[in-house]
Amino acid sequence: MSEAVQRFEAGLADVEGAYQGALGAANSETELREANAKIVGPQGALTQLMKLMRDLPGDRRKEFGQLANALKGKVTALFDDRLAAIARAQREAELTGPALDVTMPARWSREGRLHPITRVKHELLDIFASLGFEVAEGPEADTHENCFDKLGFPPDHPATDMQDTFFLTHTERGDDITTLLRTHTSTVQIREMGRRPAPLAVVSPGVVYRRDDDATHSPMFHQIEGFLVDEGVSFADLKGVLGVFVERLFGADVEMRFRASYFPFVEPGAEVDVRRPGGKWMEILGCGMIHPTVLENVGYDPKKVSGFAFGLGIDRIAMVKYAIPNIKLLFENDQRFLQSL
Ligand code: PHE
């Protein structure tokens with residue numbers, strides 16, 4: 001008998017003797033597939049054996065081919081049986097095993113929410129919107145004219161010292177254009193009145209910049225500007241609107257007072273303070289009757305129309321509302337602080 005025949009017979013006998021044990025010992029689908037691959041996979045024992053077929057004498061090839069194929073068929077049939085049995089056992093274990101524990105505590109995902117300044121801003125705008133004011137916005141970088149000149153600040157007036165800011169220069173169509181980071185939202189008075197006739201009632205929220213930096217002042221802070229122009233508007237209308245505003249925001253037991261003050265763009269001008277029962281007076285806004293010169297500067301006729309304006313600090317109101325001692329806390333985004341509000 002040729003050597004090749006001997007090797008082939010021995011190889012077939014090895015596989016025949018081992019495959020049932022190997023597949024039978026596998027306890028999971030992975031183990032089963034691994035065991036199966038060792039027999040009929042590309043590197044498997046039976047596959048390798050079949051590659052030796054061409055060394056066999058021609059008259060024996062058919063016979064051995066049939067034997068090898070029959071063996072492969074038996075291996076595959078057992079593999080399929082075992083695979084089904086393993087799947088059944090797994091399903092059985094799921095059904096008879098411990099049930100899903102619905103009392104286990106859920107894992108909460110952390111949800112973000114609006115920043116306190118944004119929440120207060122929405123609250124303030126809602127109050128003014130309910131009183132008939134519309135909302136308009138202006139750019140943070142604006143001209144010297146809109147920020148100072150048209151509001152009646154005389155050139156180099158000391159009032160502009162309090163509102164020192166960054167000047168920005170860029171070139172547009174060959175010309176150097178100077179803008180500045182606005183020091184107040186009163187710029188929007190000039191912009192909105194300048195582009196449409198009275199009557200109008202507008203509130204304008206936004207960011208402003210100043211050279212201020214201490215516990216109650218930040219170089220960047222938030223304001224809401226409000227203004228209303230129509231025929232026959234008086235200081236009584238201003239008091240009425242701000243009175244409703246303060247009552248809605250802080251409650252009926254909060255006192256309010258007007259203190260005479262100076263802003264170049266109003267006459268008369270005032271500051272408004274509020275006080276909780278037993279508390280200290282806190283300044284929350286500046287206001288006044290829009291100066292006739294400002295009305296002229298935007299093309300209105302001060303003999304026909306009059307108006308009031310006010311500017312309030314959103315951060316300042318958030319500090320009063322949430323009793324926050326330092327304005328910087330609002331900008332550090334420390335989660336421990338924000339979650340305490
Ligand atoms: N623009 C003033 C400020 O920022 C506030 C103000 C607005 C005062 C409107 C009067 C009228 O200090």
Side-chain angles (χ1 to χ4, degrees), residues 121 124-125 128 133 135-140 142-154 157-166 180-194 200-214 216-229 233-235 237-242 245-246 256-274 282-295 297-298 300 302 306-317 319 327:
K121 178 174 85 176
L124 302 180
L125 291 176
F128 289 115
F133 287 78
V135 179
E137 283 183 277
E140 289 173 27
D142 210 331
T143 59
H144 195 281
E145 198 178 36
N146 286 343
C147 197
F148 298 120
D149 307 334
K150 286 199 163 170
L151 286 164
F153 288 81
H157 189 273
T160 55
D161 288 355
M162 270 164 51
Q163 305 201 354
D164 204 2
T165 184
F166 283 109
L180 46 80
L181 295 185
R182 64 179 177 187
T183 57
H184 53 184
T185 43
S186 299
T187 50
V188 183
Q189 287 187 42
I190 302 301
R191 290 178 160 271
E192 289 300 309
M193 292 195 283
L200 84 185
V202 175
V203 278
S204 183
V207 172
V208 300
Y209 302 86
R210 279 186 210 180
R211 232 189 86 193
D212 275 342
D213 207 359
D214 60 33
T216 53
H217 296 88
S218 155
M220 181 282 303
F221 61 105
H222 303 79
Q223 286 190 330
I224 291 180
E225 190 81 7
F227 48 99
L228 179 150
V229 183
V233 175
S234 74
F235 205 97
D237 298 305
L238 172 60
K239 278 188 98 168
V241 166
L242 293 180
F245 163 70
V246 165
M256 168 185 187
R257 74 175 178 195
F258 285 77
R259 213 168 8 87
S261 186
Y262 174 74
F263 301 94
F265 36 95
V266 288
E267 182 57 36
E271 272 162 335
V272 168
D273 303 331
V274 293
M282 296 276 304
E283 182 194 321
I284 55 163
L285 61 86
C287 63
M289 297 306 292
I290 300 176
H291 199 288
T293 309
V294 175
L295 295 176
N297 287 344
V298 296
Y300 287 2
S306 55
F308 63 73
F310 56 87
L312 54 85
I314 302 178
D315 326 68
R316 183 61 73 83
I317 287 176
M319 287 172 78
I327 193 169

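Counting convention: from 1, in listed order, for ligands and their atoms alike. In this text the structure is predicted, and so the values were computed from the model without any measurement.
- The ligand atoms of ligand 1 that sit less than 4.0 angstrom from a heavy atom of F265 are 1 (N), 2 (C), 6 (C), 7 (C), 8 (C), 9 (C), 10 (C), 11 (C).
- Residues meeting the salt bridge (Lys or Arg N to Asp or Glu O under 4.0 Å) test with R191, sequence neighbours left out: D142.
- Of all the atoms in ligand 1, the ones that sit under 4.0 Å from a non-hydrogen atom of S186 are 1 (N), 7 (C).
- Geometrically, ligand 1 and E225 share no nitrogen or oxygen pair separated by less than 3.5 Å.
- Under the 3.5 Å distance criterion, the side-chain polar atoms of T185 are left unmatched by any main-chain donor or acceptor of G206.
- Considering backbone and side-chain atoms together, R210 places an N or O closer than 3.5 Å to an N or O of ligand 1.
- Side-chain polar atoms of S186 and E225 form a donor-acceptor pair below 3.5 angstrom.
- For ligand 1, the atoms closer than 4.0 angstrom to any heavy atom of Q223 are 3 (C), 4 (O).
- For F265 and H184, the ring centers sit closer than 6.0 Å to each other.
- Ligand 1 lies nowhere less than 4.0 angstrom from a heavy atom belonging to G269.
- Applying the salt bridge (Lys or Arg N to Asp or Glu O under 4.0 Å) rule to D214 yields no partners; only residues at least two apart in sequence or on another chain are considered.
- Distances shorter than 4.0 angstrom do not occur between any heavy atom of F227 and any atom of ligand 1.
- Partner F235 forms a ring-ring contact (aromatic ring centres under 6.0 Å, His included) with one of F258, F310, F308 and no other, that one being F258.
- Those atoms of ligand 1 that come under 4.0 Å of a heavy atom in G311, given as number and element, are 6 (C), 7 (C), 9 (C).
- Taking only nitrogen or oxygen atoms, main chain and side chain alike, T183 does not reach within less than 3.5 Å of ligand 1.
- The shortest heavy-atom distance from H291 to ligand 1 is not under 4.0 Å.
- Residue contacts with ligand 1 for C287 involve N, CA, C or O but no side-chain atom from C-beta outward (heavy atoms, distance under 4.0 Å).
- Between the CD atom in E140 and the CZ atom in F166 there is a gap of 13.0 Å [rounded to 0.5 Å].
- With L312 as the fixed residue, the side-chain contact (heavy atoms from CB on, under 4.5 Å) test singles out one of I284, V272, I224: I224.
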